[in-house]
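Keep in mind that what you see is a predicted model, and the values were worked out from it rather than measured. Chain naming here is simple, since letters A, B, ... match the order of the sequence lines and numbering starts at 1 in each.
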Protein chains: 4
Amino acid sequence: MKTPARTGPPGKIKIMTAFSRLMETKDFQSITTAEIAGNAGVTEGLIYKYFTDKKDLLHQVLHQHFAAFQAGIEAGIQEKQTCIGKLEAIIFASLDSYTHNRVLARILLLEVRNSLSYFESGAYAMVKIYARTILDIIREGMETGELRPDMDPFLLQKVILGAIEHTCLKQVIFDKKMDVTAAAGGIVDIIFNGVKHHGCH
Amino acid sequence: MKTPARTGPPGKIKIMTAFSRLMETKDFQSITTAEIAGNAGVTEGLIYKYFTDKKDLLHQVLHQHFAAFQAGIEAGIQEKQTCIGKLEAIIFASLDSYTHNRVLARILLLEVRNSLSYFESGAYAMVKIYARTILDIIREGMETGELRPDMDPFLLQKVILGAIEHTCLKQVIFDKKMDVTAAAGGIVDIIFNGVKHHGCH
Amino acid sequence: MKTPARTGPPGKIKIMTAFSRLMETKDFQSITTAEIAGNAGVTEGLIYKYFTDKKDLLHQVLHQHFAAFQAGIEAGIQEKQTCIGKLEAIIFASLDSYTHNRVLARILLLEVRNSLSYFESGAYAMVKIYARTILDIIREGMETGELRPDMDPFLLQKVILGAIEHTCLKQVIFDKKMDVTAAAGGIVDIIFNGVKHHGCH
Amino acid sequence: MKTPARTGPPGKIKIMTAFSRLMETKDFQSITTAEIAGNAGVTEGLIYKYFTDKKDLLHQVLHQHFAAFQAGIEAGIQEKQTCIGKLEAIIFASLDSYTHNRVLARILLLEVRNSLSYFESGAYAMVKIYARTILDIIREGMETGELRPDMDPFLLQKVILGAIEHTCLKQVIFDKKMDVTAAAGGIVDIIFNGVKHHGCH
DNA sequence: CATGAATGAGCCTTCATTCAT
DNA sequence: CATGAATGAAGGCTCATTCAT
């Protein structure tokens, strides 16, 4: 999955591309500006022409990847009529994106959380929109009667997000691939139908 | 919640305690050895008498905290007869531990994942036991008929772990407290009964 | 005897010059990077822009000094027609260089041997060429009949090198000067004519 | 070749033995007191009960090894009647000792020179005796007519010492063995008979 | 638009050494 | 005779960042 910077001066594009490539295999902290510049074929100084910070670079790259992610999600929802269908679509699209876009997954699942500056960044705003979208669908479902009305919608939101993230965590850390369709289907089944067994009567 | 090192030479105890205290408010990377030593009232060099590394210190402290966590979990399970009861107990105990032991939560939810060395550490072994315990209960429940037999037990394990972690994430990051009982009850309800609404008949 | 780095950015030149100057009076291990940087009027960090290592700095400086040494030797040989003349010239030039270039002498006679990394460095390659030059002349002399054909040329090479080095060792260690011409003449006489006394007949 | 410390309290013996063993493969600077203590099975502190210094330990071990060396030399000389015979014996015994006692060779050829404190130590006094012995024999030979009277005896001494040391240097550095008899014979032949070829007449 | 020389602050780590017990 | 806990001073090295050109 490529996510090239399509805009801006050549130097900026080169830097973002190189950084993105590095993020596929290394963690943020261990990537040095020298390494980025070297891989991009530019000088270290140029990084600070286009980014205020190393972290700013991370945020901009995340922003870029996240835009594609968000677009995919919204495309998936559009066609669906029911809330359950929409949530299924989101779960599938999320797993799919995390699976096929390693950089996105690494940043979102590993890097971003312990950085306070992230939560002040524009990148975080996008994630909030994503989370909010889920929450809105849940609320809508509870109103329309598709979903049980006696739940804390925030909690369901967290269960869904947690399920998505934890499912992807292992593959990101240990660099494995998973069967997205099966995983998405299984998660949907568990969360929507519950796991308690109802004996036949 | 304090979890002091009860064994070893005074210097080692002081170091672990001081580091633990620092971890409550700062992230690992930004804690310097000078800071640790200063807070512990020992010299920096002593750290390397007892720990091979700054990371080793992290792992040993985590290990220590996790031992208490694990003990709490097992105590909770003991009394329960049903698999569902056991899982409920684990979810509650986990949320409770993460809520009251900030250091444990911070390390496990924020710090540890992007460090490869963690996964080779003894501390990781404990987490695997924890995850394994959940998996075993799930399997047992599927066999006894308490839980639906047509699920991927690994997936349910991930949903549970993901729900726990994501629920705690926000409070860890933004330093808030939550109502553990309510959250645990809600998560249990969602996962066990499902969220789909079944109209009255 | 100065042997400044004539190429490269000013910072690199300053570092090499300062280090060279320090090597005249102190041994490598006791020279700190802070000292080098201080004497050079640059920051410590800059050292690592131009040298991978403190040792790399040593090797590059040695390389530089040795180049001049080597050049002197070759100039001395050029004019000589006989092998014996060439060897005489080498012995003289070597003693002369060691005497007048204290840094070269110190590095070659004292520092370099116990460092394994030296033998993998480019600097060592030059020394091998020097030793090889001597060996080649010896072999040539044995073929042309100037030198006895019934010797191990390697052994003679070692005797010559050993004589040169040991003669210079004391002056390097105790910081004394010697009469180069007399010493060279004496060594040549001993090695070429032997020390056994042949009574008159 | 073993050179155990036969006297003193068990702790001291253990320390010297362990250090000696370590010196066979590592250089002095890279051997830590922790390593010595660990290998000796004692605590670091004990080292300072018996030795004022790490360097003192080196000197005492060298002293011990050198005593055996010196004894071997003197035994070799004793039987010989001529000065030439004595020098031959010294050359042979020296090469032999360096070859079979790696620790002695390493210390004398590699470590000792760049340490100023060595030259103030008792160990250095022994080496001076060794060198002095050679010088005395040379002078005696020059007086009795065995050796040419028109030489600088100091220079011959240096040539002999240099030849011995340089011949052994390579095997010490690269850990190779040599044919002691052949080397000694060759060196003797070169130095005593000279290398100039005298055509038959 | 880009370079490259230089900075500066600090970090982790090492290790010989001491001393009370 | 020996331990082991603790020190302290320094040391090499990294790296994000700046700025004149």
If the condition is ring-ring contact (aromatic ring centres under 6.0 Å, His included), which residues does Y124(C) pass it with, not counting sequence neighbours? Y118(C), F119(C)

Kindly confirm or rule out a cation-pi arrangement of K54(C) over F28(C), judged by NZ or CZ under 6.0 Å from the six-membered ring centre and within 45° of its axis? yes

List in chain and number order the residues that pass salt bridge (Lys or Arg N to Asp or Glu O under 4.0 Å) with R106(B), two or more places apart in sequence or in another chain; answer none if no residue qualifies. none

If pairs are Watson-Crick or G-U with both distances under 3.5 Å, what is the dot-bracket string of DNA chain F, marking crossing pairs with [ ] and pairs to another strand with |? .||||||||||||||||||||

Closest-nucleotide mapping onto DNA chain F: is G11(B) or E44(A) further toward the 5' terminus? I mean the 5' end. G11(B)

According to side-chain hydrogen bond (donor to acceptor under 3.5 Å, both in side chains), who are the partners of D27(A), at least two apart in sequence or on a separate chain? S30(A)

Does any residue of residues 45-61 of chain A have a heavy atom under 4.0 Å from DNA chain E, and if so, which ones, in number order? G45(A), L46(A), K49(A), Y50(A)

Just the endpoints, please: which first and last nucleotides of DNA chain F, 5' to 3', lie under 4.0 Å from a heavy atom of chain B? dA5(F) to dG8(F)

Pairs involving residues 108-121 of chain B, ordered by first then second residue, that meet salt bridge (Lys or Arg N to Asp or Glu O under 4.0 Å) (sequence neighbours left out): R113(B)-E165(B)

Which atom pairs, donor and acceptor, lie under 3.5 Å between side-chain atoms of residues 36-49 of chain C and protein residues at least two apart or in another chain?
unit_1 : atom_1 : unit_2 : atom_2 : d
N39(C) : ND2    : E35(C) : O      : 3.3
E44(C) : OE2    : T33(C) : OG1    : 2.6

Does a donor on one side chain sit under 3.5 Å from an acceptor on the other, for H65(D) and S20(D)? yes

Check each residue of residues 30-43 of chain C for a non-hydrogen atom within less than 4.0 Å of any atom in DNA chain E, then write out the ones that pass by number, or none. V42(C), T43(C)

Please report the C-alpha distance between D56(A) and Q60(A) in whole Å, then the side-chain angles of each, then the deciding distance to 0.1 Å, and finally whether the side chain to side chain contact (heavy atoms under 4.5 Å, CB included) criterion is met. CA-CA 6 Å; D56(A) 183 40; Q60(A) 288 202 33; 3.2 Å; yes

Smallest separation among heavy atoms of H59(D) and A123(D), with atom names: O-CB, 4.2 Å

Enumerate the salt bridge (Lys or Arg N to Asp or Glu O under 4.0 Å) contacts for residues 57-67 of chain D, please, sequence neighbours excluded, ordered by first and then second residue. none

Partner residues of F69(A) under the ring-ring contact (aromatic ring centres under 6.0 Å, His included) criterion, sequence neighbours left out: F66(A), Y98(A), Y130(A)

If the condition is side chain to side chain contact (heavy atoms under 4.5 Å, CB included), which residues does P10(B) pass it with, not counting sequence neighbours? none

